[in-house]
Protein chains: 2
Amino acid sequence: MEDQFIKAAALIGDPTRASIMWTLLDGRAFTATELAISANTSPQNISMHLGKLLEANLLCVEKQGRHKYYRFSNKEVAYVVESMANLIPKPEISSKNKPENYPPVKYCRTCYDHLAGKIGVALTDSLLEQKIIIEKNNTFEISSEGKKWFSDFGINIEEAQKQKRIFLKPCLDWSERRNHIAGSIGTLLLNKMLNEDWIRRTANSRAIVITGKGEKEFLKYFKIVV
Amino acid sequence: MEDQFIKAAALIGDPTRASIMWTLLDGRAFTATELAISANTSPQNISMHLGKLLEANLLCVEKQGRHKYYRFSNKEVAYVVESMANLIPKPEISSKNKPENYPPVKYCRTCYDHLAGKIGVALTDSLLEQKIIIEKNNTFEISSEGKKWFSDFGINIEEAQKQKRIFLKPCLDWSERRNHIAGSIGTLLLNKMLNEDWIRRTANSRAIVITGKGEKEFLKYFKIVV
DNA sequence: TTCATAGTTAAGTATAGAATGAAGTATTCC
DNA sequence: GGAATACTTCATTCTATACTTAACTATGAA
C-alpha cells in the first residue's frame with residue numbers, strides 16, 4: 001500500500017509532470033504539443049512523461065486525427081492537484097499591489113470544472129445573499145425559492161440531483177481561500193455561462209474572460225459589477 | 001504560481017518524504033528517529049528531508065526534551081496526502097483473498113484525525129441506521145433524536161458546532177471507498193473512544209486495535225460485531 | 001507524390017539532489 | 001561526571017532518471 005502511494009507521489013512530483021497536471025487542472029484536454037509548450041520542454045520529453053502518467057492511469061487520452069488529447073482520467077486525480085494548489089501561500093494583497101498587477105487568471109478562472117476565483121466567490125455570495133442557496137454546517141443547500149430560481153435560469157435541479165456526483169458542495173478555492181460552489185451545480189452554471197457566451201475560455205490558460213454580454217448578465221442576475 | 005505548485009509537488013514527490021507523509025497521515029506526531037525507521041533510512045537523511053518539509057511549512061515540529069515531534073502543520077497538507085492515498089487502486093477482494101490476509105491497518109485505522117477503515121464505515125452505517133445522523137445531498141446532518149443521543153453518549157453537540165472546522169462532513173476513505181464521518185464529530189468520537197479505552201493506537205502504524213471493553217461497547221452502542 | 005505537422009521510440013549523456021560518512025551539539029540517565 | 005541517546009551539519013559520493021540527439025510512424029494538406 002505504502003509503495004503504491006510513494007509511486008503516485010513520485011509520479012506527480014516530477015517538475016515537468018507537475019507542470020502538465022497544473023495545466024490540466026483547467027479541466028480541458030490538451031494535446032501533447034500544447035503541453036510541451038506550456039511545460040517548456042521538448043515533444044519527446046513530454047511524450048515520455050505522458051506515457052508514464054497514462055501507464056499509471058492518472059491521465060487518459062483521446063485520439064483525434066493526428067492529435068492526441070490528454071486529460072485527467074477521473075475526479076480523484078483532479079482533487080489531488082487541487083488540494084496541492086491549495087497549499088500555495090496566498091499572496092499578501094497590500095494597497096500597493098493593486099488587483100491590476102495580478103494576472104487575470106486570479107480573478108476569473110475555472111477550478112477543474114466549475115467557476116472559481118473572485119468571480120466564483122462573488123457568484124456564491126450573490127446566491128447566498130438572494131437566499132437561492134443557504135449555508136448550513138459548512139455545506140450548501142438549495143432553498144425552495146432557489147429551486148424556482150434555478151429552473152427560471154434554465155437549470156433543471158431534479159436532473160442534476162439524479163447525477164451520481166456530489167450535487168452541491170463547497171470548494172475551498174486556492175486563490176481566494178473562500179468557499180464557492182462546486183459539484184454538479186457548479187458545472188451546470190459554468191456550462192450555461194459558456195454556452196450563452198457570458199464567458200469564454202482563453203487558450204493555454206485556466207483563465208476565462210468575461211464578454212460584454214456577460215458583464216450585463218452578471219449585473220442583472222447576480223448584482224456583480226465585473 | 002505554477003512554480004510554487006511545482007515545488008510543493010516535488011517536495012512530496014520524493015520517495016523518502018512521501019514515506020514520511022504516509023506515516024504522518026495517522027494524525028499523530030512522530031519523532032525523527034521513528035520516521036527514519038519507518039522510512040527505512042538513516043537519521044541524517046531523515047533530518048535533511050524533515051528540514052525541507054519544515055522549511056516549506058508542510059510540517060511543524062514540537063520539541064520535547066531531546067525528542068522532536070513532527071506532524072502536519074495544517075489540515076490542507078493532510079488533505080493532499082489523503083487525496084493521494086485515494087488514488088491507490090482498490091485491491092480486488094475475491095473469495096480467495098479473505099479479509100484475514102490483509103494487514104489490520106485496512107480494517108481499523110484512523111484517517112488523519114477521525115475513525116476510518118471498515119470500523120469507521122460500520123460506525124457511520126450504524127449511526128445512519130439508528131437515524132442519529134441522516135444523509136442529505138451527500139452530506140450528513142444530525143437529527144433531533146441524534147442530538148439527544150450524542151449528549152447521552154457524552155459529546156456536546158452545541159460545543160462542537162461552535163468550532164470553526166467543518167462540523168460533520170463525509171470523508172471518502174481510500175481503503176473502503178465509502179463515505180464515513182469526518183469533521184469535528186469524527187474527531188470527538190475518536191477521542192472519546194481512545195479516552196474510554198475502547199480502542200488503542202499501535203506503535204508506528206496508523207492501525208488501531210480494539211480492546212475487550214471496546215468490543216462490548218461497539219456491540220452495545222452500534223450493534224457492530226468486531 | 002511530396003512536404004509539413006503530430007507524436008513516438010530508442011540509445012546515450014548529464015546532473016540534480018538523495019544518500020553516506022564523519023564530526024558536532026543537546027539532553028537524559030546512571 | 002561520563003555514557004548513551006536524539007538529532008543536526010557539512011563535505012563527499014553516488015545514482016536514478018530526466019533530457020537530448022536521432023531516427024521512426026502516422027495523419028493531413030498541397
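Below, chain A is the first sequence line, B the second, and so on; all start at residue 1. FYI, side chains are in, hydrogens and waters are out, and symmetry mates aren't considered; it's all heavy atoms of this structure.
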Check whether any side-chain heavy atom of [X] sits under 4.5 Å from a side-chain heavy atom of [Y], and report yes or no.
{"X": "B/Leu59", "Y": "B/Arg71", "result": "no"}
{"X": "B/Asn74", "Y": "B/Asn57", "result": "no"}
{"X": "A/Ile6", "Y": "A/Glu2", "result": "yes"}
{"X": "B/Val61", "Y": "B/Tyr69", "result": "no"}
{"X": "A/Ile88", "Y": "B/Phe5", "result": "yes"}

So, does [X] get its side chain near the phosphate of [N], meaning an N or O under 4.0 Å from OP1 or OP2?
{"X": "B/Lys52", "N": "C/dA18", "result": "yes"}
{"X": "A/Lys68", "N": "C/dT8", "result": "yes"}
{"X": "A/Thr16", "N": "D/dC19", "result": "yes"}
{"X": "B/Lys63", "N": "C/dT27", "result": "yes"}
{"X": "B/Thr33", "N": "D/dA6", "result": "no"}

| said: Can you tell me which nucleotide in D/dC7, D/dC19, C/dT20 comes closest to the side chain of B/Ser42? | reply: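 Among D/dC7, D/dC19, C/dT20, the one nearest the side chain of B/Ser42 is C/dT20.
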| message | Which nucleotide wins on minimum distance to the side chain of B/His49, given the candidates D/dT9, D/dC19, C/dA18? | response |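 The nucleotide sitting nearest to the side chain is C/dA18.
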Grab the N/O contacts between the protein and nucleotides 2-5 of chain D below 3.5 Å, and write none if there aren't any.
from: D/dT5; atom 1: O4'; to: B/Arg66; atom 2: NH1; distance (Å): 3.3
from: D/dT5; atom 1: O2; to: B/Arg66; atom 2: NH1; distance (Å): 3.2

Whole angstrom value for the distance that separates [atom2] of [N] from [atom1] of [X]:
{"X": "B/Asn45", "N": "D/dA11", "atom1": "CG", "atom2": "P", "answer": "17 Å"}
{"X": "A/Ile46", "N": "D/dT17", "atom1": "CD1", "atom2": "P", "answer": "18 Å"}
{"X": "B/Glu62", "N": "D/dA6", "atom1": "CD", "atom2": "C1'", "answer": "16 Å"}
{"X": "B/Ile6", "N": "C/dG17", "atom1": "CD1", "atom2": "P", "answer": "13 Å"}
{"X": "B/Leu54", "N": "D/dC7", "atom1": "CG", "atom2": "P", "answer": "13 Å"}
{"X": "B/Ile37", "N": "D/dC7", "atom1": "CD1", "atom2": "P", "answer": "10 Å"}
{"X": "B/Leu11", "N": "C/dA16", "atom1": "CG", "atom2": "P", "answer": "18 Å"}
{"X": "A/Arg17", "N": "D/dC19", "atom1": "CZ", "atom2": "C1'", "answer": "12 Å"}

| message | Under a 3.5 Å threshold, yes or no: a donor from one side chain and an acceptor from the other, between B/Thr16 and B/Thr41? | response |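 No, no side-chain donor-acceptor contact under 3.5 Å.
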| request: Please check if atom NZ in A/Lys192 has more than 12 non-hydrogen atoms from other residues, nucleotides or ligands closer than 6.0 Å. | output: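 More than 12 heavy atoms, drawn from other residues, nucleotides or ligands, come within 6.0 Å of this atom.
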| Contact class for B/Tyr70 (heavy atom, under 4.0 Å): base, sugar-phosphate, or nothing? |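 The answer is sugar-phosphate, as B/Tyr70 gets under 4.0 Å only of primed atoms, P, OP1 or OP2.
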| request: Look at the side chain of B/Gln44 and the base of C/dG21, then say whether one donor and one acceptor between them are separated by less than 3.5 Å. | output: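 A donor-acceptor contact between them is present.
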